[in-house]
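Take a look at the structure below.
Numbering of ligands and ligand atoms starts at 1, following listing order.
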Amino acid sequence: MSKTKGSRVDVGEAKKKKCDQKTVEDPEDVSILLIGKTGTGKSSVGNIIVNANHFEVGKNTVGCEKKSHPLPDGRRLAVIDTPGLFHTKLTAEEMKTQLTRCVSLCAPGPHVFLIVIEPKRFSREDKEMVKMIKRMFGDGAAKYTMALFSHGDEMERDGVSVERAVYFNPSFNDFLSKCKGGFHVFNNNKENRNQVNELVGKIDNMVQRNGGRCYTNDMFREAQRAISREISQAGVNRETAERNNSFIRAVERAAAVAAAAEAAAEAAAEAAVAATAEAIAAAAAEAIVEAAVGVADVVSTVTAVREDGCVTQ
Ligand SMILES: Nc1nc2c(ncn2[C@@H]2O[C@H](COP(=O)(O)OP(=O)(O)OP(=O)(O)O)[C@@H](O)[C@H]2O)c(=O)[nH]1
Ligand SMILES: [Mg+2]
């Protein structure tokens, strides 16, 4: 249906219609990927956003998890919680697996990479977070980053504002200048829904500035294709398809092949070392035999000389 020139579009009505027409294949209208250093409050922030105690708090999160929540304007908001970066108990291999799952849960891409920071514990690692996001998800991801300061209650109690912290800490300032979506402060008070609505407003503005779409790249698009295939071929719903699809399986297979190759290379290196050691041992044994023969010769010569009675020492 073509639009008549000059016709008015009721945005609220259009959104509602779009939501009513949603199918299990549709990704969420707004998706938030929580990311940050271990223990900064990601899971707590996730719970505030979805208004439920869904994500486990105070325990090191080890897997990626998603929870959706309706917004007052009828759209759906999805929050993806992730394991903390740095100081985590996960191995590099486990981290890779979780990253793949995270991409699948966000497909076709997140609307924001929400970097959760605990202001009092701001460190060099937090400062590097935008760089890490670019390395993991591609350079374009930087335009979709926003800082979320947890522990707003403590900041309020101590009379510290983000502006003041920025003024006194140049590296804090430097970090914030890299978060193209700006920042938001959360007070750890679940009753205050305004702070969530304000956050969504800031995300909407950032997405509009970026062309009105979520962040995506080949990796997220491939995950989205795999999810759609899973839904149409296996007949499962989107939630199930996001957790098990050909994209995840392919990355896991590749990781297993890489791990096997690494183990084989290690075994080959060990064998080479063992062979070298064996060769050295054989050469040493030969030298010892030669030396022993030499010593025996000397001993017999000395004995012969003694018997002749010509020994002076
Ligand atoms: N006072 C206060 N405490 C908070 C706030 N947010 C989180 N906490 C506390 O900080 C601790 C860590 O919170 P989590 O939400 O588990 O942190 P996380 O980033 O998910 O931790 P990992 O999963 O290990 O990376 C918990 O004891 C929380 O209760 C906040 O806004 N204010
Ligand atoms: Mg957590």
Side-chain angles (χ1 to χ4, degrees), residues 31-69 77-103 105-106 110 112-133 135-137 145-165 172 175-176 179 182-200 202 243:
S31 55
I32 298 176
L33 175 60
L34 297 171
I35 202 155
K37 211 170 64 177
T38 306
T40 53
K42 295 176 294 302
S43 302
S44 306
V45 164
N47 285 338
I48 294 173
I49 296 174
V50 299
N51 202 20
N53 287 326
H54 179 78
F55 303 110
E56 209 172 359
V57 166
K59 304 261 166 70
N60 275 2
T61 302
V62 288
C64 294
E65 225 192 308
K66 178 173 172 179
K67 174 82 179 154
S68 297
H69 186 72
L77 170 73
V79 177
I80 295 106
D81 190 19
T82 61
L85 298 173
F86 309 109
H87 309 306
T88 171
K89 289 175 187 151
L90 297 184
T91 63
E93 231 22 79
E94 286 167 336
M95 206 66 193
K96 225 180 277 172
T97 303
Q98 287 311 321
L99 187 64
T100 311
R101 290 186 183 276
C102 159
V103 167
L105 291 175
C106 289
V112 63
F113 294 93
L114 197 59
I115 306 173
V116 181
I117 303 278
E118 184 183 341
K120 274 203 299 202
R121 287 177 53 226
F122 184 81
S123 67
R124 202 163 43 86
E125 290 157 342
D126 293 300
K127 201 183 146 209
E128 297 300 310
M129 212 51 84
V130 176
K131 204 194 279 177
M132 291 265 310
I133 289 172
R135 270 177 52 194
M136 289 190 285
F137 302 103
T145 52
M146 186 185 289
L148 190 287
F149 297 105
S150 62
H151 293 72
D153 49 331
E154 291 177 1
M155 288 172 82
E156 204 173 289
R157 187 195 62 205
D158 302 341
V160 178
S161 67
V162 172
E163 288 77 6
R164 200 175 137 87
F172 201 10
F175 160 72
L176 276 186
C179 293
F183 70 88
H184 190 60
V185 183
F186 252 15
N187 198 318
N188 195 16
N189 171 6
K190 289 198 185 87
E191 304 309 314
N192 180 1
R193 295 305 293 165
N194 257 352
Q195 58 181 348
V196 177
N197 298 335
E198 276 172 26
L199 170 68
V200 174
K202 287 181 182 177
R243 284 173 165 74

Item to check | Side chain to side chain, L199 and V112, heavy atoms closer than 4.5 Å | outcome: no
Next on the checklist: Does the plane of the ring in F172 sit parallel, tilted or perpendicular to the ring in F122? Use 30° and 60° as the thresholds.
Outcome noted: tilted
Next on the checklist: Does atom CZ (R121) have a neighbourhood of more than 12 heavy atoms from anything else shown, all under 6.0 Å?
Outcome noted: yes
Item to check | Atom CZ of R124: over 12 foreign heavy atoms under 6.0 Å | outcome: no
Checklist entry - If only atom types and distance count, is the side chain of Q195 paired as donor or acceptor with the main-chain N or O of N187 below 3.5 Å? => result yes
Checklist entry - Which residue owns the protein heavy atom closest to atom 5 (C) of ligand 1, what's the atom, and how far is it? => result H151 CE1, 3.4 Å
Checklist entry - Can you name the salt bridge (Lys or Arg N to Asp or Glu O under 4.0 Å) partners of K67, sequence neighbours left out? => result none
Checklist entry - Is the shortest N/O to N/O distance between G41 and ligand 1 below 3.5 Å? => result yes
Checklist entry - Any donor-acceptor pair under 3.5 Å linking the side chain of R101 with the backbone of K96? => result no
Next on the checklist: I want to know if ligand 1 touches D81 in the polar sense, i.e. an N/O pair below 3.5 angstrom.
Outcome noted: no
Next on the checklist: Which of the protein's N, O or S atoms come within less than 2.8 Å of the Mg ion (ligand 2), not counting waters?
Outcome noted: S43 OG, T61 OG1
Item to check | Any N or O of K37 closer than 3.5 Å to N or O of ligand 1 | outcome: no
Checklist entry - Can any side-chain N or O of K202 pair as donor or acceptor with the backbone N or O of F183 at less than 3.5 Å? => result yes
Item to check | Numbered atoms of ligand 1 (with element) below 4.0 Å of T61, judged on heavy atoms | outcome: 22 (P), 23 (O), 24 (O)
Item to check | Part of E118 within contact of ligand 1 (heavy atoms, under 4.0 Å) | outcome: neither
Checklist entry - Are the side chain of T40 and the backbone N or O of V116 linked by a donor-acceptor pair below 3.5 Å? => result yes
Item to check | Within-cut-off N or O pair, G58 and ligand 1, under 3.5 Å | outcome: yes
Item to check | Closest approach of any protein heavy atom to atom 24 (O) of ligand 1, naming residue and atom | outcome: N60 OD1, 2.9 Å
Item to check | G39: numbered ligand 1 atoms lying under 4.0 Å from its heavy atoms | outcome: 12 (C), 17 (O), 18 (P), 19 (O), 21 (O), 22 (P), 24 (O), 25 (O)
Item to check | Proximal ligand 1 atoms for K42, defined as those under 4.0 Å from one of its heavy atoms | outcome: 15 (O), 17 (O), 18 (P), 19 (O), 20 (O), 22 (P), 25 (O)
Checklist outcome for this item: Counting heavy atoms under 4.0 Å, the part of D153 that contacts ligand 1 is side chain
Checklist outcome for this item: atom 26 (C) of ligand 1 has as its nearest protein heavy atom V57 CG1, 3.8 Å
Next on the checklist: Looking only at the side chains, is there a donor atom on one of S123 and K37 sitting less than 3.5 Å from an acceptor on the other?
Outcome noted: yes
Item to check | Close-contact set for ligand 1 against S44 heavy atoms, below 4.0 Å | outcome: 6 (N), 7 (C), 13 (O), 14 (P), 15 (O), 28 (C)
Checklist entry - Under 3.5 Å, N or O to N or O, is S150 touching ligand 1 that way? => result no
Item to check | N47 side chain vs H54 backbone, donor-acceptor pair below 3.5 Å | outcome: yes
Next on the checklist: Checking E125 against M132 for the side-chain contact (heavy atoms from CB on, under 4.5 Å) test, could you report, in this order, the C-alpha distance in whole Å, the side-chain angles of both residues, the deciding distance, and whether it holds?
Outcome noted: CA-CA 9 Å; E125 290 157 342; M132 291 265 310; over 6 Å; no
Item to check | Atoms in ligand 1 flagged as close to G84, the criterion being non-hydrogen separation under 4.0 Å | outcome: 25 (O)
Checklist entry - Is there a donor-acceptor pair under 3.5 Å between the side chain of T82 and the backbone N or O of L34? => result yes
Checklist entry - Does E56 reach ligand 1 with a nitrogen or oxygen that is under 3.5 Å from one of the ligand's nitrogen or oxygen atoms? => result no
Checklist entry - Aromatic ring centroids of F186 and H184 under 6.0 Å? => result yes
Item to check | Sub-4.0 Å protein heavy atom near atom 2 (C) of ligand 1 | outcome: yes
